[in-house]
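Heads up: the structure comes next, in C-alpha cells.
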Amino acid sequence: MRKIHFTVNGAPCSITCHPAKTLLDVLREDLDLTASKECCGKGECGSCSVLVNNEVVCSCLILVGQVENQNVITCEGVGLTPHLDNIQESFIEEGATQCGYCTPGIIVSAKAFLNDVDYVPSVDEIKTALGGNLCRCTGYSKIIQAVKTAAEKNLKELGTV
C-alpha cells in the first residue's frame, strides 16, 4: 500500500492503495467516478478511455502508480449538467448514443481530438481519431455527425465561423 497523489478532473487527489491497482478500478471503486466502463479489460474497446496529461489512454491498462503527479480527466471532467461540453451536447442533439456503455470513452477521445483541431474535421479524420473506441450498438454515423456538430460549435464560440 502506498499514498499516491494525482489530479482528477482538476482537483487534487490522494489515494492509499496498492500502486498496481488499475486506474479504472481506482476511478470507479475509490473515487466513485463511474462513467469509464470496463468492457474488454485489454485496451481494445476504449470504453474506459480517460485523458492522462491530455493523452487518451485505456484506464484498464494503466496502473494508478503510473499516474502519480499526473493530470487525469474522465468523462465527468469533460462536463456535467448543467455545464455540458459541446461534444456532450452534440451527442444528445444528434442521438449518438444507444445503450451508452461506450459513450463516455468516445466522448473523452472526441474531446481530445477536437482540442487539437481548429476546423470541422472530415469523416476519415474522425474515424481515425475514434479508432480505439468500439461501439456495438450504432453504425457510427450519428457519432461522427456529433463530432462534426461539436467542431462547428467550437468554431462558432471562437468566432471563426
*Going by the salt bridge (Lys or Arg N to Asp or Glu O under 4.0 Å) test, which pairs reach into residues 110-126, not counting sequence neighbours?*
D85-K111
*asked:* Given R28, which partner from the list V26, L24, D25 fulfils the side chain to side chain contact (heavy atoms under 4.5 Å, CB included) test?
replied: L24
Going only through I, L, V, M, F, W and Y residues with side-chain contacts under 4.5 Å, is there a path from [X] to [Y]?
{"X": "V72", "Y": "V57", "value": "yes"}
{"X": "V8", "Y": "V78", "value": "no"}
{"X": "I73", "Y": "F6", "value": "no"}
{"X": "I62", "Y": "V50", "value": "yes"}

With side chains defined as the heavy atoms from C-beta onward, is the minimum distance between [X] and [Y] less than 4.5 Å?
{"X": "T22", "Y": "V64", "result": "no"}
{"X": "F91", "Y": "I107", "result": "yes"}
{"X": "C102", "Y": "L134", "result": "no"}
{"X": "L51", "Y": "V108", "result": "yes"}
{"X": "I126", "Y": "F113", "result": "yes"}
{"X": "L80", "Y": "L84", "result": "no"}

Separation of [Y] [atom2] from [X] [atom1] (nearest 0.5 Å):
{"X": "N154", "Y": "Y119", "atom1": "CG", "atom2": "OH", "answer": "13.0 Å"}
{"X": "S109", "Y": "N133", "atom1": "OG", "atom2": "CG", "answer": "3.5 Å"}
{"X": "K153", "Y": "L114", "atom1": "NZ", "atom2": "CG", "answer": "11.5 Å"}

Not counting sequence neighbours, which residues clear side chain to side chain donor-acceptor pair (under 3.5 Å) with [X]? List them please.
{"X": "H18", "result": "none"}
{"X": "E55", "result": "none"}
{"X": "T128", "result": "none"}
{"X": "E68", "result": "R2"}

Heavy atoms only: give me the nearest [X]-[Y] pair and the separation to one decimal.
{"X": "A20", "Y": "L63", "result": "O-CD2, 3.2 Å"}
{"X": "G100", "Y": "P104", "result": "O-CD, 3.3 Å"}
{"X": "P19", "Y": "I4", "result": "CA-CD1, 3.8 Å"}

*side chain to side chain donor-acceptor pair (under 3.5 Å) partners of residues 3-15, not counting sequence neighbours, each pair once*: H5-S14, N9-T74
*Taking it one step at a time, do L31 and C13 satisfy side-chain contact (heavy atoms from CB on, under 4.5 Å)?*
CA-CA 9 Å; L31 302 178; C13 176; 3.8 Å; yes
Donor-acceptor pairs under 3.5 angstrom involving side-chain atoms of residues 32-48: please list them, not counting sequence neighbours.
from : atom 1 : to  : atom 2 : distance (Å)
K37  : NZ     : T34 : O      : 2.8
K37  : NZ     : A35 : O      : 2.9

*Would you mind listing the cluster partners of L61? Hydrophobic ones only (ILVMFWY), side-chain contacts under 4.5 Å, chaining allowed.*
none
*Kindly give the cluster partners of Y101, where membership spreads through any ILVMFWY side chain lying under 4.5 Å from a current member.*
none
*Going by atom types only, do N53 and N71 share a side-chain donor-acceptor pair under 3.5 Å?*
no
*Taking atom types as modelled and ignoring hydrogens, do the side chains of E152 and N86 form a donor-acceptor contact shorter than 3.5 angstrom?*
no
Quiz: residues 139-147 side-chain donor-acceptor pairs under 3.5 angstrom, not counting sequence neighbours:
from : atom 1 : to   : atom 2 : distance (Å)
Y140 : OH     : C135 : N      : 2.7
Y140 : OH     : C135 : O      : 3.3
Q145 : NE2    : T149 : OG1    : 3.3

_Suppose we screen for salt bridge (charged side-chain N to carboxylate O under 4.0 Å, His left out). Which residues come up paired with K148, at least two apart in sequence or across chains?_
none
*Quick one: list whatever passes salt bridge (charged side-chain N to carboxylate O under 4.0 Å, His left out) with D30, sequence neighbours left out.*
K21
